[in-house]
Amino acid sequence: MTPMSIFRHGADEEKAETARLSSFIGAIAIGDLVKSTLGPKGMDKILLGGGRDSSVTVTNDGATILKAIGVDNPAAKVLVDMSKVQDDEVGDGTTSVTVLAAELLREAELLIAKKIHPQIIISGWRKATQAAREALREAQPTLSSKLLTHHKEHFSKLAMEAVLRLKGSGNLEAIHVIKKLGGSLTDSYLDEGFLLDKRIGVNQPKRIENANILIANTGMDTDKIKIFGSRVRVDSTAKVAEIETAEKEKMKEKVERILKHGINCFINRQLIYNYPEQLFASAGVMAIEHADFMGVERLALVTGGEITSTFDHPELVKLGHCKLIEEVMIGEDMLIHFSGVDMGEACTIVLRGATQQILDEAERSLHDALCVLAQTVKETRTVFGGGCSEMLMAKAVSDLANRTPGKEAVAMESFAKALMMLPTIIADNAGYDSAELVSQLRAAHQDNKSTFGLDMTQGAVGDMAALGITESFQVKRQVLLSAAEAAEMILRVDNIIKAAPRKRVPDHHPC
């Protein structure tokens, strides 16, 4: 009996053990890729962009690494997507969640080899997850895993001041981050209000008090005839001048409609050509062109205005307001500073650094810190760091396994081993003897020293409560739940079916 294929030519199928092995290998490979970046002394990766510019990114941020790589393995894609969700939901823990899911699958591979059915493993894992979650809930912001470790106090203060300005709203959109080359990381500072990295138009006021701001996304470049893509047939050059004059008149009318809004500052998403710039200067209005879209959106938010594209009904347009607009110099660059904005909690963090790569990594680190702090403001519970929480959860799961009869107990033990791998990897990345440290840590927790974790400064086991090393409860809970769900989903797979690729046929012109 020859096997019959029910799939179209080109389609592919991996069955049972082959499919499961393929999933495990892909997911474990992703975990191995990022696990060396875990912990306060994790290593960095260099990511080279394709194309002509070949941009270089130096980072140990899990989300950034996983966004940059292209993967073909379906299980690996699940872990990459999971890390993106972790980044979007809580802003931190992207490496931890990927590593935990990969370690769970590494343990599952060993259990499958012992002929334990996936559904039994899943059943044990679910009970283990619940026990770990309860232990975490009963347990009593960190920048340490990033480039900013050596300037931790300075940046912790910046992040804390910025988040406290939000007054519990948790709206991180009000915090603007600007990167400026020059100086060192310690020269970074927090500024009240909003900084826009643009220049004010020629011959226009450089300082305005009690500003009424119209924020727009409209074309202000129709005062000239665009030759490209146009075909104009005229009798003489005088006719060309007439057309240009008509274009100028249209632009003049548009500027007059804008000025009827009673504004003294006009900010446009698009370019503002010379003629309208002159008209704004004559009216004593500050005009700022080509503000990037995120800048315009954030400016509308903090000044209380709305982005508009039509100007026929001034009474329907919501203007932005601030007490003072002026030019300020940062390094060698001139920026526009908006102070006394309607959204009082708005602020700008100005990052300084020697290279663009340092600035980019500092921004990613600061983003994680801001997200964690904002989550902690909403959910004030924190847990101890340094592998303390993972060991606490592992102990709770092991205790449950000891009380559980049957094969599910083996699955629970595997879950506890996966949790204990996180402090092991943290110690390995710091160059310490992980076997010695983790065994000491496990003994401390068995002795009911539930606040003990790894002190990576001294390379020893220490009391996290005394050292003041804490992490967000929300982040840690999300890591646990997301990793368990993703690992369970991959473990359930017994067939991988790849659809047949679409056939490429040459285009046939109708002529």
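Every heavy atom of this structure was used, including side-chain atoms; hydrogens, water molecules and symmetry mates were not. On a predicted model such as this, the values are computed, not experimentally measured, just so you know.
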Next item on the list: Would you give the length of the straight line joining atom CG of L172 to atom SG of C371, rounded to the nearest 0.5 angstrom?
Entry: 5.5 Å
Next item on the list: Could you grab the distance from atom CG of L196 to atom CD of E327, nearest 0.5 Å is fine?
Entry: 11.0 Å
Note to self: Check whether S123 reaches the backbone of Q119 with its side chain - one donor and one acceptor, N or O, closer than 3.5 Å.
What the structure shows: no
Notebook entry, point to check: How long is the span from the CG atom in D342 to the NZ atom in K323, to the nearest 0.5 Å?
Noted result: 9.5 Å
Check: Is there a donor-acceptor pair under 3.5 Å between the side chain of H176 and the backbone N or O of F194?
Finding: no
Note to self: How close do V461 and L437 get, counting heavy atoms only, and between which atoms?
What the structure shows: CG2-O, 3.7 Å
Next item on the list: Please tell me if the side chains of M464 and T470 come closer than 4.5 Å, counting only heavy atoms from C-beta onward.
Entry: no
Next item on the list: Name all pairs fulfilling the salt bridge (charged side-chain N to carboxylate O under 4.0 Å, His left out) condition that reach into residues 451-464, sequence neighbours left out, sorted by first residue then second.
Entry: none
Next item on the list: Name all residues meeting the side chain to side chain contact (heavy atoms under 4.5 Å, CB included) criterion together with A162; count only those two or more places apart in sequence or in a different chain, and write none if there are none.
Entry: I175, L190, C347, I349, L370
Checklist line | Residues that S439 engages under side-chain hydrogen bond (donor to acceptor under 3.5 Å, both in side chains), provided they are two or more places apart | finding: none
Note to self: If I compare all heavy atoms of L422 with all of S96, which pair ends up nearest, and what's the gap?
What the structure shows: CD2-O, 4.2 Å
Checklist line | Counterpart residues, ring pair (Phe, Tyr, Trp, His ring centres under 6.0 Å), relative to F452 (two or more places apart) | finding: none
Checklist line | Spacing of CE belonging to M343 relative to CG belonging to L301, to within rounding of 0.5 Å | finding: 4.0 Å
Check: Counting only N and O atoms by type, is there a donor-acceptor contact under 3.5 Å from the side chain of S309 to the main-chain atoms of T218?
Finding: no
Check: If we only count heavy atoms from C-beta on, is the I69 to I30 side-chain gap below 4.5 Å?
Finding: yes
Checklist line | Check: K45/T64 side-chain N/O donor and acceptor closer than 3.5 Å | finding: no
Notebook entry, point to check: Do T57 and R364 come within less than 4.5 Å of each other through their side chains, counting heavy atoms only?
Noted result: yes
Margin query: So, taking the atom named CE in M421 and the one named CG in L100, what distance separates them when rounded to the nearest 0.5 Å?
Written below: 11.0 Å
Listing, residues 77-84 side-chain donor-acceptor contacts under 3.5 Å, not counting sequence neighbours, or none:
| unit_1 | atom_1 | unit_2 | atom_2 | d |
| --- | --- | --- | --- | --- |
| S83 | OG | V80 | O | 2.8 |

Item checked: Main-chain N/O of M391 paired to R442 side chain as donor or acceptor, under 3.5 Å -> no
Check: Among pairs that include at least one residue of residues 179-195, which meet salt bridge (charged side-chain N to carboxylate O under 4.0 Å, His left out), considering only residues two or more places apart or in two chains?
Finding: K179-D360, K179-E363, K180-D197, K180-D333
Item checked: Flag for T94-D87: side-chain donor and acceptor within less than 3.5 Å -> no
Notebook entry, point to check: Any side-chain heavy-atom pair from I267 and F338 closer than 4.5 angstrom?
Noted result: yes
Item checked: For N429 against L38, the heavy-atom pair lying closest together -> ND2-O, 2.8 Å
Note to self: Any carboxylate oxygen within less than 4.0 angstrom of a Lys/Arg side-chain nitrogen, looking at E488 and R492?
What the structure shows: yes
Note to self: Using the salt bridge (charged side-chain N to carboxylate O under 4.0 Å, His left out) criterion, which residues pair with D399? Sequence neighbours excluded.
What the structure shows: K395
Notebook entry, point to check: Who pairs with R133 by side chain to side chain contact (heavy atoms under 4.5 Å, CB included), at least two apart in sequence or on another chain?
Noted result: R137, R477, L480, L481
Checklist line | Over 12 non-hydrogen atoms of neighbours within 6.0 angstrom of NZ in K417 | finding: no
Next item on the list: Examine distances only and state if a side-chain atom of E361 and a backbone atom of N60 form a donor-acceptor pair shorter than 3.5 Å.
Entry: yes
Check: Under 3.5 Å, side chain of S188 to main-chain N/O of R352, donor-acceptor pair present?
Finding: yes
Margin query: Within the 4.5 Å heavy-atom criterion, are V99 and V34 side-chain neighbours or not?
Written below: yes
Checklist line | Listed partners of A75 passing side chain to side chain contact (heavy atoms under 4.5 Å, CB included), at least two apart | finding: S23, A27, N73, I490
Note to self: I need the full list of salt bridge (charged side-chain N to carboxylate O under 4.0 Å, His left out) pairs touching residues 300-309, with sequence neighbours left out, sorted by first then second residue.
What the structure shows: none
Notebook entry, point to check: What distance do T95 atom OG1 and D61 atom CG have between them, rounded to the nearest 0.5 Å?
Noted result: 6.5 Å
Item checked: Set of side chain to side chain contact (heavy atoms under 4.5 Å, CB included) partners for V85, sequence neighbours left out -> E89
Next item on the list: Please check if the side chain of T348 supplies one atom and the backbone of G193 the other of a donor-acceptor pair under 3.5 Å.
Entry: yes
Item checked: Basic-acidic side-chain contact under 4.0 Å: E109, R106 -> no
Check: Taking all non-hydrogen atoms of both residues, which atom of M43 and which atom of T37 are closest, and how far apart?
Finding: O-CG2, 3.2 Å
Checklist line | For the student: nearest non-hydrogen atoms of G39 and I426, plus distance | finding: CA-CG1, 4.1 Å
Check: Do L195 and I336 come within less than 4.5 Å of each other through their side chains, counting heavy atoms only?
Finding: no
Margin query: For Y432 versus T457, what's the shortest heavy-atom pair and its separation?
Written below: OH-O, 3.8 Å
Check: Cut-off 3.5 Å, side chains only: do Q478 and Q474 have a donor facing an acceptor?
Finding: no
Notebook entry, point to check: Taking only residues two or more places apart in sequence or in another chain, which ones pass salt bridge (charged side-chain N to carboxylate O under 4.0 Å, His left out) with K476?
Noted result: E390, E471
Checklist line | Donor-acceptor pair, side chain of T129 and main chain of W125, under 3.5 angstrom | finding: yes
